[in-house]
Number of protein chains: 2
Amino acid sequence: MGKLFSISNYNEIKEFFHKKGLKCTPQRQAVLKVLQESKSYLSINKIHKNVKELLPETGLATVYRSLETLVELNLVVKVHLEDGCHSYAIAPEGHRHPIVCTDCNSVIEYTECPMEDLSKQISEQTGVQINTHFLQLFGKCKECQA
Amino acid sequence: MGKLFSISNYNEIKEFFHKKGLKCTPQRQAVLKVLQESKSYLSINKIHKNVKELLPETGLATVYRSLETLVELNLVVKVHLEDGCHSYAIAPEGHRHPIVCTDCNSVIEYTECPMEDLSKQISEQTGVQINTHFLQLFGKCKECQA
DNA sequence: CTCTAATTGAGAAAGTTTCTCAATTGTATA
DNA sequence: TATACAATTGAGAAACTTTCTCAATTAGAG
Ligand SMILES: [Zn+2]
Ligand SMILES: [Zn+2]
Ligand SMILES: [Zn+2]
Ligand SMILES: [Zn+2]
């Protein structure tokens, strides 16, 4: 069935799926594409709505299944907000942290991880062996400050 | 109706509610007590189960309502985990960050906030005005390392 | 002690997520 | 390119979670 990405892009994405023995289906592509083209995080329902504009027949269950797959592949991340964690955004490349604008919901990438050095330090201070961390920053983006 | 805390403790808690014009009900006390006595975060259902040991008649809706109230009072925080954010823990005093042990689920308090200085720095780097942050650390606690 | 507004329990309702299964479809192989 | 097969899908049912409604109860003020 049809590709939803340009050929070079498509092959790259296909690779991602195939490495894990997964099919590169138009539904999975559509979910990924919708998130890639959004500058902000999206709720499941918004994702479903947008996906249906590309592939009208897509069922909600498939959106759930695709998101699960894409998160496993580290192509997509779940965004945790005060009132819940039912939103998703395209995963930044490598280890990064999102800055979420509380006015317009856009997601800005912060490319450095301030925790790398800190984790060691905290491990020593507390005796706990810190393995991973979860950091999100919230504020006002440039546009919304004006 | 009955107090679920020692008198000095009770008066302190009562204050918290009264300041916001809220009643100090046994149900709210029970939810708070359950979380205070747990060293780890608890799911809604576990909280309900434990609360019913103190107050057998307590309804699930009341647990939801109490948690909402306690979070508003900053006495309780929602814990965000990989697979969802349906768990709650007693709020640390002041601005702190929880370290969650991925083996035994216990929550260790980290008393310093590494983000205070960093927020300013990141604001300058990115142009985004950082207002708040959300940080959780994951690792292995002392006991589980042994 | 009395009064009142806030809170509660119970169950209904709404909303979210997962499951089931027959039909479809990517992809490996020939 | 055609074939075969396992993975995936859509649809709806089922399970689960959260919110709502309302009559009955109750904490706290006076
Ligand atoms: Zn903004
Ligand atoms: Zn980091
Ligand atoms: Zn969350
Ligand atoms: Zn902090």
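Residue numbers begin at 1 in each chain, while the letters A, B, ... track the order of the sequences.
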Nearest heavy-atom contact between A:Cys113 and A:His97 is SG-NE2, 3.5 Å
Looking at C:dT8, I'd like to know if its phosphate oxygens (OP1 or OP2) sit under 4.0 Å from a side-chain N or O belonging to B:Thr58.
no
Is the SG-SG separation for the cysteine pair B:Cys85 and A:Cys85 below 2.5 Å?
yes
Considering only heavy side-chain atoms of A:Thr25, the closest of C:dA10, D:dT18, D:dT8 is D:dT8
Among the nucleotides D:dT9, D:dT19, D:dG28, whichever has the atom closest to the side chain of B:Tyr64 is D:dT19
Find the distance B:His18:NE2 to C:dT7:C1' and express it as a whole number of Å.
13 Å
Can you tell me the distance, in whole Å, between the CG atom of B:Leu60 and the P atom of D:dC16?
14 Å
Within 45° cone and under 6.0 Å: A:Lys19 NZ/CZ vs A:Phe16 ring:
yes
Run the ring pair (Phe, Tyr, Trp, His ring centres under 6.0 Å) check on B:His80 and B:Phe134 step by step: do they pass?
CA-CA 10 Å; B:His80 294 249; B:Phe134 179 67; 4.7 Å; yes
Figure out the NE2/C1' separation between A:His48 and D:dA11, and round it to whole Å.
11 Å
Looking at A:Glu68, I want to see if its CD is surrounded by more than 12 non-hydrogen atoms of other residues, nucleotides or ligands under 6.0 Å.
no
Is there a side-chain polar atom (N or O) of B:His86 under 4.0 Å from OP1 or OP2 of D:dT18?
yes
Please state how far atom CD1 in B:Ile44 lies from atom P in D:dT18, giving the value in whole angstrom units.
5 Å
From CG of B:Asn11 over to P of D:dG28, roughly how many Å is that when rounded to an integer?
11 Å
The side chain of B:Lys23 lies closest to which of these nucleotides: C:dA5, D:dT9, D:dT17?
C:dA5
Taking the side chain of B:Asn45 as its heavy atoms from C-beta onward, which of D:dT17, D:dT9, C:dT8 lies nearest to it?
D:dT17
Please work out if A:Lys14 contacts a base, only the sugar-phosphate, or nothing of the nucleic acid, heavy-atom cut-off 4.0 Å.
sugar-phosphate
Taking CD from B:Gln27 and P from C:dG9, how many angstroms apart are they, rounded to a whole number?
4 Å
What is the distance, rounded to the nearest whole Å, between atom CD of B:Glu72 and atom C1' of C:dA6?
15 Å
Between A:Arg65 and B:Cys85, who's closer to the 5' end of DNA chain D by nearest nucleotide?
A:Arg65
Spacing of B:Ile47 atom CD1 relative to D:dT18 atom C1', expressed in whole Å
14 Å
